[in-house]
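Residue numbering restarts at 1 for every chain, and letters A, B, ... go by the order of the sequence lines. Values in this document were obtained by computation on a predicted structure and should not be read as measured data.
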Amino acid sequence: MREYKRAWRERNAAHIWEYRAAYDAEHPDVKRAEARRYAEKKRQERRRKQSRQVSSKKYYEANKAKHHEYTRQWRLRKLAEDPEGYRAARAVIQRRWYEKHRDERNAKLRAEHRENPELKRAAARAYYAAHAEEQKAKRRAYYAANREKVLAANRAWKDRETRRLHAGLPPRRLHTTPVAERRANTAAADAFFAQQWPAEEVAALRRRRGLSLEAVEPVPAEVVARFERDSQRARIEHTLATDFSYADRARTAEARRYLAAQQPRGWQIRAAAEEARMDAIGKQINNRLRHREPPRRPHHLDPAAPHPMLSPNNPMGMNR
DNA sequence: GAGGATCAGCATTGTGCACT
DNA sequence: AGTGCACAATGCTGATCCTC
């Protein structure tokens, strides 16, 4: 009977709709009352659901230990009943969760590792020590399977090293900063940038350097003129480089001649001197930041062993 | 080939809610 | 009041890739 009625309603949906609309138009008060009843019913449902949640939560909080024990037993039972099926079902659920929280979780793992890398390192060292041969065999198998890839990576590395040596650059050493050092750096930066200078101290500093406001000389007209010339030159250079309406060669040459004419006599000499001065500053900074002796950890199995990089046969020792 | 960083995946435990 | 289960989170281990 139910099925028959459902089919009938489906067949006559348009008719029912018309009939309802006509009835509602004739009895607006009935329609309103119906709407109110419906809204009230929904509200009640929501309230009931909420109170169920609250009481469930209360019950859970009151019987937490019991519930944990129950859940533990339930899981053991399920596992015993059907180990394969249970594991598979669980894996699906976990997979779902993992897909949804992949980035978040990985970020968390990275942060944890950064906070305390020793934990993981110690475990890795122990593992390597216990499975040295196995690991080496795996490495060899990987090499056998990916020989070209490994060789290409080695070539790329050697090329880079060669370029570095020719350019006279210091060795490139990537290393993470230990937690303690990171903390100290942050604290120092905070102390430096957040420090408040009392007005009288600022005044004292200025006096000591002959920078008191009264003593500041007006900027010489010549310096102002040079600054304005340089600014204009930079603007023109920028326009030439970016505005295609200046693509015409003759006009470009003309503009350059104009720029040259604008420069005061001897500007090339002065520019070279400035260049040399900037170079000297750059070198100083470079020297200060250079890693002279890159940090090394002793060999994890044999702390007395020389580092492979120091081996005369190791191509990586080329920078020594 | 050593050792580090990162990530995936399984194990374990905790939490909350629907349902009986 | 109690059960059952999905989702959430963390622990632990090993795989893979990277740098040197």
Side-chain angles (χ1 to χ4, degrees), chain A residues 45 48-79 81 83-84 86-143 145-146 149-150 152-154 156-158 160-161 164 171-176 178 291 294-303 305-311 313-320:
Chain A
E45 267 171 25
R48 258 192 225 116
K49 190 175 162 167
Q50 257 173 12
S51 80
R52 266 202 305 271
Q53 277 179 9
V54 168
S55 73
S56 267
K57 173 79 178 156
K58 209 169 121 195
Y59 181 78
Y60 170 69
E61 288 298 333
N63 298 279
K64 204 176 261 196
K66 205 171 139 196
H67 189 48
H68 284 172
E69 181 53 25
Y70 169 80
T71 309
R72 213 171 66 84
Q73 291 303 330
W74 180 82
R75 279 165 185 154
L76 287 175
R77 205 183 76 223
K78 281 298 211 185
L79 183 64
E81 271 171 17
E84 294 287 304
Y86 177 72
R87 285 208 183 89
R90 200 182 52 197
V92 169
I93 293 170
Q94 284 183 325
R95 185 82 212 158
R96 200 152 52 216
W97 184 83
Y98 184 71
E99 298 284 349
K100 209 167 127 195
H101 299 82
R102 184 196 305 270
D103 293 345
E104 185 190 330
R105 183 178 126 101
N106 285 342
K108 200 165 182 179
L109 284 175
R110 278 198 302 274
E112 270 167 22
H113 182 68
R114 206 167 133 76
E115 205 48 38
N116 187 10
E118 266 318 308
L119 215 69
K120 184 81 177 159
R121 280 184 203 149
R125 271 198 291 273
Y127 182 79
Y128 282 133
H131 302 84
E133 280 318 306
E134 192 188 321
Q135 288 302 313
K136 286 178 194 174
K138 267 188 193 157
R139 192 77 187 80
R140 279 194 294 270
Y142 179 81
Y143 181 76
N146 301 277
K149 200 176 153 191
V150 174
N154 284 348
W157 194 86
K158 262 201 234 178
R160 205 190 75 212
E161 273 298 87
R164 179 182 74 67
R172 180 168 177 267
R173 294 280 181 267
L174 295 178
H175 63 278
T176 47
H291 290 290
R296 290 286 180 202
R297 280 198 188 78
H299 191 289
H300 74 298
L301 298 174
D302 178 10
H307 193 276
M309 290 292 282
L310 299 176
S311 152
N313 291 330
N314 190 320
M316 306 310 173
M318 60 187 357
N319 55 349
R320 304 270 160 183

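For A:R110, there are no side chain to side chain donor-acceptor pair (under 3.5 Å) partners at least two apart in sequence or on another chain. Annotation: salt bridge (Lys or Arg N to Asp or Glu O under 4.0 Å) contacts of A:R48 (sequence neighbours excluded): none. Residues that satisfy the side chain to side chain donor-acceptor pair (under 3.5 Å) test with A:Q94, not counting sequence neighbours, are absent from this structure. With sequence neighbours left out, A:K64 forms a side chain to side chain contact (heavy atoms under 4.5 Å, CB included) with A:Y60, A:E61, A:H68.
Heavy atoms of A:R90 sit under 4.0 angstrom from at least one base atom. Note on A:K100: only backbone sugar-phosphate atoms sit closer than 4.0 angstrom, heavy atoms only; bases stay farther off. Residue-level contact check: A:R96 touches the backbone only, with heavy atoms under 4.0 Å from sugar-phosphate atoms and none from bases.
At C:dC5, one or more side-chain N or O atoms of A:W74 fall inside 4.0 Å of OP1 or OP2 (strictly under the cut-off). Side-chain N/O atoms of A:N106 include one lying less than 4.0 angstrom from OP1 or OP2 on B:dA8. For B:dC10, neither phosphate oxygen OP1 nor OP2 lies less than 4.0 angstrom from any side-chain nitrogen or oxygen of A:R87. Side-chain N/O atoms of A:R72 include none lying less than 4.0 angstrom from OP1 or OP2 on B:dT13.
Between A:R77 and A:E81 there is a salt bridge, with a side-chain nitrogen of the basic residue lying less than 4.0 Å from a carboxylate oxygen of the acidic one.
One interatomic measurement links the two molecules: NZ of A:K78 to P of B:dT13, which rounds to 19 Å at whole-angstrom precision. The distance between atom CH2 of A:W97 and atom P of B:dA8, rounded to the nearest whole Å, is 12 Å. Per the geometry, CD belonging to A:E112 stands 13 Å off P belonging to C:dA9, to the nearest Å.
With values rounded to the nearest 0.5 angstrom, A:K78 atom NZ is found 13.0 Å from A:R90 atom CZ.
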Going by atom type alone, with no hydrogens or angles, which donor-acceptor pairs under 3.5 Å involve a side-chain atom of residues 97-106 of chain A and a protein atom two or more places apart or on another chain?
from, atom 1, to, atom 2, distance (Å)
A:W97, NE1, A:H101, ND1, 3.3
A:E99, OE1, A:R102, NH2, 2.7
A:E99, OE2, A:R95, NE, 2.8
A:E99, OE2, A:R95, NH2, 2.7
A:H101, ND1, A:W97, O, 2.9

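At a cut-off of 3.5 angstrom, counting only N and O atoms as typed in the model, there is a donor on one side and an acceptor on the other between the side-chain of A:Q94 and the base of B:dT12.
Comparing C:dT3, C:dA8, B:dC7 by their nearest atom to the side chain of A:Y70 picks out C:dT3. The side chain of A:Y59 approaches C:dG2 more closely than any other nucleotide in the set C:dA9, C:dG2, C:dC7.
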Counting primed atoms, P, OP1 and OP2 as sugar-phosphate and everything else as base, the B/S/- map of nucleotides 15-20 of chain B against protein heavy atoms under 4.0 Å is BB-S--
